[in-house]
Chemist: 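Could you have a look at this structure, given as structure tokens, before my questions?
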Amino acid sequence: MTNVAIMFRRHRSPLLRYLRLLSSSSASPPQTSSSATAAKKKLRDERDAVKSLSLLSSISDSDSPAAAGRYAVELVVKRLAKSRNFSEIENLIESRKKEPMITQEPYVVSIITAYGYAGMIDHAIRTFDEMDKHGAPRTVLSFNALLTACNHTGNHGRVPELFSEISQKHGIVPDKISYGILIKSLCQSRSMEKVYSLLKEMEEKDVEITPVTYTTLLDTLYKDQKAADAERLWKEMESKGCSPDVAAYNVRIMYNAVHSKPESVIKLIDDMVSAGLKPDTISYNYLITCYCKNGQHEEAKKVYRSLREKGCYPNAATFRNFMYLLCKNKDFDAGREVCMEGIKKNKLPDFGPLKMLMEGLVKNSKVEEAKQLIRLVRKKFPESFLSRWKNVEERLGLEIEDELPQAEAA
DNA sequence: ATAGGGTTAG
């Protein structure tokens, strides 16, 4: 338990925390640690929700249930929610309330957050209400977690009401993060008038508008095509001494990638570097997309190939989007390369784009390449995908007779 | 570390 607590404190990223848990065996007795570690590794690649759950149980049973780790639990909860298996989610999360750590607020926060991921807002609220019973202190931390769960579950309409009710009832003083969550909820409700009066109220109460809050606002304005308002807000942010960070820049890049030319995106990326910021994979994904939308696919390829030397790693969106855009440009060779690189890293493309790629390869008489890709697909994709995929192979006449090397010659 | 940016489908 202490090991887990220390790991939580030391690692900010949930993924890092989880990886740390994977590599750590000190939390469990030597005999079970290797099998538990193997189970955790399997958990990452398992796509079936119910199988994930039993993998998680096998981790938990081998030592204390708390050792399963927050990231692992959230991963499984998200999968169960996707397959609408809410009773299993309830079992899983409620069993975690029996842990001694339930008296610690951050642990309760993790439970409220998990119910938020599952879309189970009533369970999240009940967990918050039960905190006295569990002997956990109730501060702005769990207050914020509950409001966030509302935003994540489509209950943003309830946030303004809960904000005032709960803070009064429990004597919680909302902080700058609470206000950021409230603003997010108003943005989701598109209540921009209320946003502006709230910003005024924050100024009067001397509550800081953080870069995160500004980013929420910028994102909403750009998505509503109010670019002029967004630019004004950007200047206001800078004039108030609030320096935009990578996420704030990416919101601007996102808009410019769609509505402007690659030069504007390049300019923003240069601005980021001048400001001492490091553009990330999201920034470059937009640059790639922008180049492709403007017919400059060769430039896009250069960006894709130079990602690693820029210290960025392509993510699932990189592979998926670029593959799609290349295929749309009928560059099926490049599309195939990007696709295969992604699959090898377990970043699997969607059904539609993969079908488009395969059809393009066959149409261009790249049958051997198509078959090579199919072998990789069969190795990496889950059974549910492959049963659907079989039709595509058949329709394209790409049945592969076991492992005969010279299928093409015939 | 409880908030923001991608992640849709095509």
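Sequence lines set the chain letters: A, B, ... in the order given, protein chains first and strands last, and positions in each chain run from 1. The structure presented is a predicted model; accordingly, all values stated were derived computationally and were not measured.
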Chemist: Looking at B:dA9, B:dT2, B:dA3, which one has an atom nearest to any side-chain atom of A:V109?
Modeler: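 Within the option list, the nearest is B:dT2.
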
Chemist: Suppose we call two aromatic rings close when their centres sit under 6.0 Å apart. Are A:F128 and A:F143 close by that rule?
Modeler: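 Ring centroids of A:F128 and A:F143 are no less than 6.0 Å from each other.
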
Chemist: From the set B:dG4, B:dG10, B:dT2, return the single nucleotide nearest to any side-chain atom of A:P211.
Modeler: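 Shortest atom-to-atom distance from the side chain points to B:dG4.
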
Chemist: Quick one about A:N315 and A:K347 (side-chain donor to acceptor, distance below 3.5 Å, no hydrogens or angles considered), yes or no?
Modeler: no

Chemist: Under 4.0 Å between any heavy atoms, over every strand shown, what does A:N285 touch: base, sugar-phosphate, or nothing? Just pick one.
Modeler: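 The answer is nothing, as A:N285 stays clear of every strand by at least 4.0 Å.
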
Chemist: Rounded to whole angstroms, how far apart are CD1 on A:I112 and P on B:dA1?
Modeler: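 Answer to the nearest Å: 15 Å.
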
Chemist: Could you tell me if A:K78 sits above the aromatic ring of A:Y117, with its cationic atom closer than 6.0 Å to the ring centre and no more than 45 degrees from the axis?
Modeler: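 Judged by the rule, A:K78 and A:Y117 form a cation-pi pair.
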
Chemist: Which of parallel (below 30°), tilted (30 to 60°) and perpendicular (above 60°) describes A:W389 and A:F351?
Modeler: perpendicular

Chemist: Rounded to the nearest angstrom, tell me the gap between atom CG in A:D219 and atom P in B:dT7.
Modeler: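 Rounding to the nearest Å, CG of A:D219 and P of B:dT7 are 11 Å apart.
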
Chemist: Using a heavy-atom cut-off of 4.0 Å across all strands, would you classify A:D280 as base, sugar-phosphate, or nothing?
Modeler: base

Chemist: Distance check needed: B:dT7 P versus A:H152 NE2, whole Å only.
Modeler: 16 Å

Chemist: Once you round it to whole Å, what is the distance between C1' of B:dG4 and CG of A:L221?
Modeler: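 From A:L221 CG to B:dG4 C1': 14 Å.
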
Chemist: Rounding to an integer number of Å, can you tell me how far A:L162 CG sits from B:dT2 C1'?
Modeler: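 Those two atoms, CG and C1', are 16 Å apart.
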
Chemist: Compare the aromatic ring of A:Y286 with the six-membered base ring of B:dG6 and state whether they stack according to the 5.5 Å and 30° rule.
Modeler: no

Chemist: So what does A:R320 hit on the nucleic acid, given a heavy-atom distance under 4.0 Å: a base, only sugar-phosphate, or nothing?
Modeler: base

Chemist: What's the closest nucleotide to the A:T210 side chain, out of B:dG10, B:dA3, B:dG4?
Modeler: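 Within the option list, the nearest is B:dA3.
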
Chemist: Base, sugar-phosphate alone, or nothing: which one does A:T213 contact when heavy atoms must sit under 4.0 Å apart?
Modeler: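 Base contact.
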
Chemist: Describe the nucleic acid contact of A:P106 in one word from base, sugar-phosphate, nothing, applying a heavy-atom distance below 4.0 Å.
Modeler: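 If one applies the 4.0 Å heavy-atom cut-off, A:P106 turns out to touch nothing in the nucleic acid.
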
Chemist: With a 3.5 Å cut-off and heavy atoms only, can you find an N or O donor on one side and an acceptor on the other between the side chain of A:T216 and the base of B:dG4?
Modeler: no

Chemist: At under 4.0 Å between heavy atoms, what does A:K223 touch on the DNA or RNA strands: base, sugar-phosphate, or nothing?
Modeler: sugar-phosphate

Chemist: Please state how far atom OH in A:Y214 lies from atom P in B:dA3, giving the value in whole angstrom units.
Modeler: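 Computing the A:Y214:OH to B:dA3:P distance gives 21 Å.
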
Chemist: Could you work out which one of B:dA3, B:dA9, B:dT2 sits closest to the side chain of A:V212?
Modeler: B:dA3

Chemist: Could one point to a donor on the side chain of A:D245 or the base of B:dG4 with an acceptor on the other under 3.5 Å away?
Modeler: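 Side chain to base: pair found, below 3.5 Å.
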
Chemist: Base, sugar-phosphate, or nothing for A:S110, non-hydrogen atoms under 4.0 angstrom?
Modeler: nothing

Chemist: Find the distance A:I166:CD1 to B:dT2:P and express it as a whole number of Å.
Modeler: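 My rounded result for the distance is 18 Å.
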
Chemist: Have a look at A:A248 and say if it touches a base, only the backbone sugar-phosphate, or nothing, with a 4.0 Å heavy-atom cut-off.
Modeler: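 Base contact.
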
Chemist: My understanding is that only one of A:T139, A:I102, A:T103, A:V108 makes a side chain to side chain contact (heavy atoms under 4.5 Å, CB included) with A:M131; could you say which?
Modeler: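 The passing option is A:V108.
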
Chemist: So, are A:R126 and A:D122 salt-bridged, with charged N and O less than 4.0 Å apart?
Modeler: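 No salt bridge links A:R126 with A:D122.
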
